[in-house]
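I have placed the structure first, in the form of structure tokens, so that the comments after it can refer back to it.
These figures come from a predicted structure and were not determined experimentally. The first residue in the sequence is number 1, and the count goes up from there.
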Amino acid sequence: NTKNVKVSNSIMYDMGGGGFRADGHSCSGHELTDSSIWDIGKVFPQGVGARLEYANNVTVKFNDMYNLYGKGVVMRHSPGDLVSNNYVHDIIQGVLSDKGFVQTALGCEGTLITENYFHGEYGYYDDTNGMYQDEGSTQTTWTKNLMYHTGEKGGNY
């Protein structure tokens, strides 16, 4: 039940699992900004750059995330988030599949994903989704994102 935690100008690399995580009921107002996250998932490949679950109003912006085996940003049951101006590239790397640069799932109403730069997504059997809205995603806005060099498809809607 943490509130308003700020992580900025930080480096997270060579991690066995994931990078930044905001997770827990009543968790809100966190920020991950101006940070670099790379070489994530060396032990647990499903680790992601930033995971937001059961949180709300979390900001993830101006980050560079790369060389990940999992997704860049994952949001589940996390309404009102802002994912903006991130550079997410060279993910999955043929290790996993059914992934994307950013994934939303149930309970992400009011989330805005905007002005991000995505490229280099290569799944194990090419089942990659670029911008990935999964498991009942509703009322999210994706705008002004640039994406190229994805595996199978640009998005799952």
Got Asn86 and Phe101 here, is their nearest side-chain heavy-atom distance under 4.5 Å? no

Non-hydrogen atoms of Ser84 and Leu82 that approach each other most closely: CB-CD1, 3.8 Å

Return the set of residues passing side-chain contact (heavy atoms from CB on, under 4.5 Å) with Thr138 (not counting sequence neighbours), or none when no residue passes. Glu109

Output every pair passing salt bridge (Lys or Arg N to Asp or Glu O under 4.0 Å) with a member in residues 27-41, not counting sequence neighbours, ordered by first then second residue. Lys6-Glu31

Qualifying residues under side-chain contact (heavy atoms from CB on, under 4.5 Å), relative to His77, sequence neighbours excluded: Tyr54, Leu106

To the closest 0.5 Å, what do you measure between CG (Leu146) and CZ (Phe118)? 9.5 Å

Indicate the atoms forming the closest heavy-atom contact of His30 with Val5, along with that distance. ND1-N, 3.0 Å

Looking at side-chain heavy atoms only, is the closest gap between Arg51 and Lys71 below 4.5 Å? no

Sequence neighbours excluded and cut-off under 3.5 Å, please list the side-chain donor-acceptor pairs for residues 7-20, or say none.
unit_1, atom_1, unit_2, atom_2, d
Ser10, OG, Ser8, O, 3.0

Within the side chain of Asn57, is there an N or O that forms a donor-acceptor pair under 3.5 Å with the backbone of Gly29? no

Just how far is it from atom CG of Asn116 to atom CZ of Phe62, taken to the nearest 0.5 Å? 10.0 Å

Judged by atom type as modelled, is there a donor-acceptor pair below 3.5 Å linking the side chain of Ser78 to the main-chain atoms of Ala55? yes

What's the spacing between Leu52 CG and Met75 CE if we round to 0.5 Å? 6.0 Å

So do Asn145 and Ile113 actually touch side chain to side chain, heavy atoms under 4.5 Å? yes

Separation of Gln139 CD from Thr141 OG1 (nearest 0.5 Å): 9.0 Å

Of all the heavy-atom pairs spanning Val48 and Val74, show the shortest one and how long it is. CG1-CG2, 3.8 Å

Minimum side-chain heavy-atom gap Asn63-Leu32 below 4.5 Å: yes

Minimum-distance pair of heavy atoms, taken over all atoms of Val83 and Val73: CG2-CG1, 4.2 Å

In this structure, CH2 of Trp38 is separated from CG of Asn67 (nearest 0.5 Å) by 10.0 Å

Could you pull out all residues at least two apart from Thr140 that satisfy side-chain contact (heavy atoms from CB on, under 4.5 Å)? Thr104, Cys108, Thr111, Gln133, Trp142

I'd like to know if the side chain of Thr143 reaches the main chain of Thr114, judged simply by a donor and an acceptor atom lying under 3.5 Å from each other, with no hydrogens or angles considered. no

So, using side-chain contact (heavy atoms from CB on, under 4.5 Å) as the criterion, who are the partners of Asp64 when residues are at least two apart? Ser36, Tyr66, Tyr87, His89

